[in-house]
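The structure appears right after this line, and notes come after that.
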Amino acid sequence: MPANPFETFLADLRAPVERDPAAHGYLDVLLSYPGWRAVLAHRLVHALHRAKIPLLPRFLASISRFWTGIEIDPGAKIGKGVFIDHGVGVVIGETAEVGDGCTIYQGVTLGGTSLQRTKRHPTLGKNVTVGSGAAILGAIFIGDGAKIGANSVVVKDVPANATVVGIPGRVVLLDGKPVALPADRGPRVEMPDPYAPVLTQLAQRVAELEARLAELERKNAPSSV
């Protein structure tokens, strides 16, 4: 647990009220916000995990996942004032770290890319915003104040105050200023079009039929007297 659990509890409670215009006060958050409940449950589960109590933390985490739709591994480290908005489908892996004041929207994955028992999940700095459906993968670092666009896939470190979009994610804004793309972005990866061969065959067939039709019209045309 953080050094001051009561201060953390208040920061967690304030976060939805301050960042969600739909929130109707603290009682609304207490009764209706699954993201807040998931973070609160994780505080207890993580404390048990750090105390090296076997089985129980993971069992309680599975109950929280069933109750909220949000999966947070007992080993994950969550800072104070973290707001998981809506939250269904959010997955936060075992070695992930989420800094103070972060905002995470539904469908986000903080996932790993290694099967080794080591640091394999991302670290989010303070006040990071992660858009719906984004995936941040591997033991990478997302700098303070960064914004990750919806459905982006991020596999490299992100500097502070950057905005990242795309698959794979790339920085498009840094400190509020557009980032020019390098002149040489490397070889392009062309995705195959499964319909291209069929369309080519159809075009060839149409051309053949038009040629035959033109030939028939020429043969059947009335001869001039």
Side-chain angles (χ1 to χ4, degrees), residues 19-22 34-35 65-66 68-71 83-93 96 102-116 120-122 124 128-143 145-225:
R19 289 179 234 161
D20 185 5
R65 178 184 59 188
F66 176 79
T68 64
I70 298 167
E71 181 172 349
F83 176 34
I84 302 178
D85 194 7
H86 297 292
V88 172
V90 167
V91 177
I92 300 177
C102 288
T103 301
I104 298 174
Y105 290 91
Q106 66 269 21
V108 166
T109 299
L110 304 183
T113 56
S114 171
L115 298 180
Q116 303 299 318
R120 60 190 186 278
H121 297 93
L124 274 56
V128 173
T129 300
V130 187
S132 303
I136 305 176
L137 306 175
I140 61 176
F141 180 77
I142 310 299
K147 294 179 174 61
I148 310 300
N151 297 313
S152 299
V153 178
V154 183
V155 294
K156 295 182 178 179
D157 290 349
V158 174
N161 301 314
T163 298
V164 175
V165 298
I167 304 174
R170 61 182 180 85
V171 176
V172 294
L173 292 174
L174 186 59
D175 294 321
K177 299 178 181 179
V179 175
L181 292 175
D184 181 12
R185 287 183 285 170
R188 294 182 61 187
V189 178
E190 298 290 347
M191 297 298 291
D193 184 352
Y195 299 106
V198 177
L199 293 175
T200 300
Q201 293 176 6
L202 286 174
Q204 292 174 348
R205 184 60 175 165
V206 168
E208 292 173 0
L209 291 174
E210 288 178 341
R212 291 177 61 184
L213 180 60
E215 179 66 18
L216 290 173
E217 290 177 344
R218 186 184 64 79
K219 290 181 178 180
N220 294 331
S223 57
S224 58
V225 178

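Everything quoted here is computed from the prediction, not taken from an experiment. FYI, side chains are in, hydrogens and waters are out, and symmetry mates aren't considered; it's all heavy atoms of this structure.
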Return the minimal non-hydrogen interatomic distance between [X] and [Y], and the atom names on each side.
| X | Y | result |
| --- | --- | --- |
| Y105 | V108 | O-CG2, 3.1 Å |
| P122 | G111 | CD-O, 3.4 Å |
| A162 | V158 | CB-CG1, 3.8 Å |
| P34 | I70 | O-CD1, 3.9 Å |
| T103 | R19 | OG1-NH1, 2.8 Å |
| I136 | L124 | CD1-CD1, 4.3 Å |

### Task
Please test V164 against V171 for side-chain contact (heavy atoms from CB on, under 4.5 Å), starting from the C-alpha separation and ending with a verdict.
CA-CA 4 Å; V164 175; V171 176; 4.0 Å; yes
### Query
Less than 4.5 Å apart, any side-chain heavy atom of P178 and any of L173?
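Yes, close enough: below the 4.5 Å cut-off.
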### Task
Check the surroundings of atom CD in E208: do more than 12 heavy atoms from other residues, nucleotides or ligands lie under 6.0 Å from it?
yes
### Message
Does L115, at its CG atom, have more than 12 non-hydrogen atoms belonging to other residues, nucleotides or ligands within less than 6.0 Å?
### Response
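For L115, atom CG is not crowded (no more than 12 foreign heavy atoms under 6.0 Å).
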### Query
side chain to side chain contact (heavy atoms under 4.5 Å, CB included) with V154: which of I142, L137, I167?
I142
### Message
What's the separation between atom CD1 in I104 and atom CD1 in I92, rounded to the nearest 0.5 Å?
### Response
4.5 Å
### Query
Just how far is it from atom NE2 of H121 to atom OG1 of T113, taken to the nearest 0.5 Å?
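Interatomic distance, H121 NE2 to T113 OG1, rounded to 0.5 Å: 8.5 Å.
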Expected list for residues 145-153: side-chain donor-acceptor pairs under 3.5 angstrom, two or more places apart:
residue : atom : partner : partner atom : Å
S152    : OG   : G149    : O            : 3.0
S152    : OG   : G166    : N            : 3.2

### Lys/Arg N to Asp/Glu carboxylate O, R218 vs E215, below 4.0 Å
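Looking at E215 together with R218, the answer is yes, because their closest N to O distance falls below 4.0 Å.
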